[in-house]
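Worksheet: one structure, shown below.
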Amino acid sequence: MPVPQKRIRFRDRNNVLARPEFITLNQPMGAQPEARNSGKKPSGQAGGNTSENARERRQSQQPPEEDCMQLNPSFKGIAWNSLMAIDICLSKRLGVCANSTSSWGGARSMVRLIGVTSHGFPWIGGTLLCLWKSSTLARREVLMNLLLALMLDILTVAGVQKLFKRRGPYEMTPGILDYLLLDVYAFPAGHASRATMVSKFFLNHLVLAIPLRILLVLWAFIVGLSRIMIGRHHISDVLFGFIIGYMQFNLVEVLWLSSNTCQMLASLW
């Protein structure tokens, strides 16, 4: 007697081996290797395609470099970033004369005038004038070496600024004189380096009373502070300016032009 069709369907539905995940168990043993071998490609092509697909998959899963975040930064990196953040924060706080709306905006002109006392043009022009008016050989020697120091300061500061191209804490457009002296960027502070070098030069080669010597040191410090107050430089820019100015003075002492050399240069001039 034939089995009803509904009963056969019910039996197949309840059979566990009829499920898709157990289909391979119902196939004969000899059919499995054939099925596997039939899906295989030549070993060379399969290996090449597999490696290429794996490489493409790996490259597609990698995020772009700008989106990567360093999860385990070094101690030096953390310390450096922390110092830079403190430097920027303190420099912005001290920039009380950065613009007319700042807390000390009314004193901006006076603070900028302090910076002019260390500008390159007045010092170079004054040195050339004194050199032209000088009559003794000793004065010419000192003035010629001072002129050498000022030119060295301008070239050194311009080269370092061009190398780092660091902007100040506030967006400011340099003036015409700054462009002429190549003092466009913030690091290092050219006014601070020049004030340090000139004050050290005068302290070492001029006979001055103690109050004047103290005033020279205070002048160099106030010039550096004024550059921070008007928002032109960071604190680190001024500190490195002080260091560079001191190093320039030591270099000029090593390259000191003798009186005979100065006399020969004066005769050419």
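Remember, predicted model here, so these are calculated numbers, not experimental data. Positions are given from 1 along the sequence.
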I'd like to know whether T196 forms a side chain to side chain donor-acceptor pair (under 3.5 Å) with S193, so could you lay out the CA-CA distance, the side-chain angles of the two residues, the decisive distance to 0.1 Å, and finally the verdict. CA-CA 5 Å; T196 304; S193 67; over 6 Å; no

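- The heavy-atom pair separating H233 from A189 by the smallest distance is CE1-CA, 3.6 Å.
- Summarising the hydrophobic clusters (Ile, Leu, Val, Met, Phe, Trp, Tyr; side-chain heavy atoms under 4.5 Å, direct or chained), the residues clustered with I210 are I214, L218.
- In this structure, the separation between CG on L152 and CG on L255 is 8.0 Å, given to the nearest 0.5 Å.
- With sequence neighbours excluded, the residues satisfying side-chain contact (heavy atoms from CB on, under 4.5 Å) with L94 are I228, I235.
- Atom CZ of residue R227 and atom CZ of residue R232 lie 6.0 Å apart, to the nearest 0.5 angstrom.
- Contact check for L150 versus V198: side-chain heavy atoms found under the 4.5 Å cut-off.
- Of the possible polar contacts, one joining the N145 side chain to the L257 backbone as a donor-acceptor pair under 3.5 Å is found.
- No side-chain N or O of S199 forms a donor-acceptor pair with one of W219 less than 3.5 Å apart.
- For the pair E141 (side chain) and S258 (backbone), a donor-acceptor distance under 3.5 Å is absent.
- A donor-acceptor contact under 3.5 angstrom links the side chains of S236 and R166, judged on distance only.
- In this structure, N260 CG and L137 CG are separated by 7.5 Å, a value rounded to the nearest 0.5 Å.
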Set out, in order, the CA-CA distance, both residues' side-chain angles and the distance that settles side-chain contact (heavy atoms from CB on, under 4.5 Å) for I124 and I154, then state yes or no. CA-CA 10 Å; I124 293 176; I154 292 175; 3.2 Å; yes

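- The heavy-atom pair separating G190 from V157 by the smallest distance is CA-CG1, 3.8 Å.
- A cation-pi contact, defined as under 6.0 Å to the ring centre and within 45° of the axis, links K92 to Y170.
- Think of F164 as one node in a network of Ile, Leu, Val, Met, Phe, Trp and Tyr side chains linked at under 4.5 Å; its network also takes in V160, L163, F187, F240.
- Looking only at atom types and distance, the side chain of H205 has a donor-acceptor partner in the side chain of E253 under 3.5 Å away.
- In this structure N81 satisfies the side-chain contact (heavy atoms from CB on, under 4.5 Å) test with no other residue, sequence neighbours excluded.
- With a 4.5 Å cut-off on side-chain heavy atoms, Q248 and R194 do not count as touching.
- Taken together through direct or relayed side-chain contacts under 4.5 Å among Ile, Leu, Val, Met, Phe, Trp and Tyr, I243 and L155 form parts of separate hydrophobic clusters.
- Closest approach of S226 to G115, counting heavy atoms only: OG-N, 4.0 Å.
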For S102 and N99, what are the C-alpha separation, side-chain angles and deciding distance, and is it a side-chain contact (heavy atoms from CB on, under 4.5 Å)? CA-CA 6 Å; S102 301; N99 47 59; 2.9 Å; yes

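- Criterion: ILVMFWY side-chain heavy atoms under 4.5 Å apart, direct or through other members. Under it, V223 and V217 are part of a common hydrophobic cluster.
- Heavy-atom contacts from other residues, nucleotides or ligands closer than 6.0 Å to CE of M110 number 12 or fewer.
- Across every non-hydrogen atom of D237 and H234, the tightest pair is OD2-N, 2.8 Å.
- Side-chain contact between M197 and Y246 is absent, with no heavy-atom pair separated by less than 4.5 Å.
- Residues V238 and L225 do not share a hydrophobic cluster, defined by chaining ILVMFWY side chains whose heavy atoms lie under 4.5 Å apart.
- Linking Ile, Leu, Val, Met, Phe, Trp and Tyr whenever their side-chain heavy atoms come within less than 4.5 Å puts I114 and L215 in one cluster.
- Partners of R167 by side-chain contact (heavy atoms from CB on, under 4.5 Å), not counting sequence neighbours, listed by chain and number: Y185.
- Using the six-membered ring where Trp is involved, F121 and H119 have ring planes that are parallel, under 30° apart on the 30 and 60° scheme.
- Side-chain contact between R112 and V116 is absent, with no heavy-atom pair separated by less than 4.5 Å.
- Looking at S100 and R108, their side chains never come closer than 4.5 Å, going by heavy atoms from C-beta outward.
- Atom CE of M229 is separated from atom CD1 of I222 by 10.5 Å, given to the nearest 0.5 angstrom.
- No side-chain heavy atom of V96 sits under 4.5 Å from any side-chain heavy atom of I230.
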Is there a side-chain contact (heavy atoms from CB on, under 4.5 Å) between M144 and L148 once you walk through the steps? CA-CA 6 Å; M144 190 70 72; L148 172 65; over 6 Å; no

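- Between the CZ atom of F249 and the CG atom of L203 there is a distance of 8.5 Å, given to the nearest 0.5 Å.
- Between S74 and I78 the shortest side-chain heavy-atom distance does not fall below 4.5 Å.
- In this structure, the separation between CZ on R139 and CG on L146 is 14.5 Å, given to the nearest 0.5 Å.
- The ring pair (Phe, Tyr, Trp, His ring centres under 6.0 Å) search around F202 returns W123, not counting sequence neighbours.
- The shortest heavy-atom contact between S134 and R140 is OG-CG, 3.2 Å.
- Counting all heavy atoms, side chain and backbone alike, S118 lies closest to A195 at OG-N, 3.4 Å.
- Formation of a donor-acceptor pair under 3.5 Å by the Q161 side chain with backbone atoms of V184 is found in this model.
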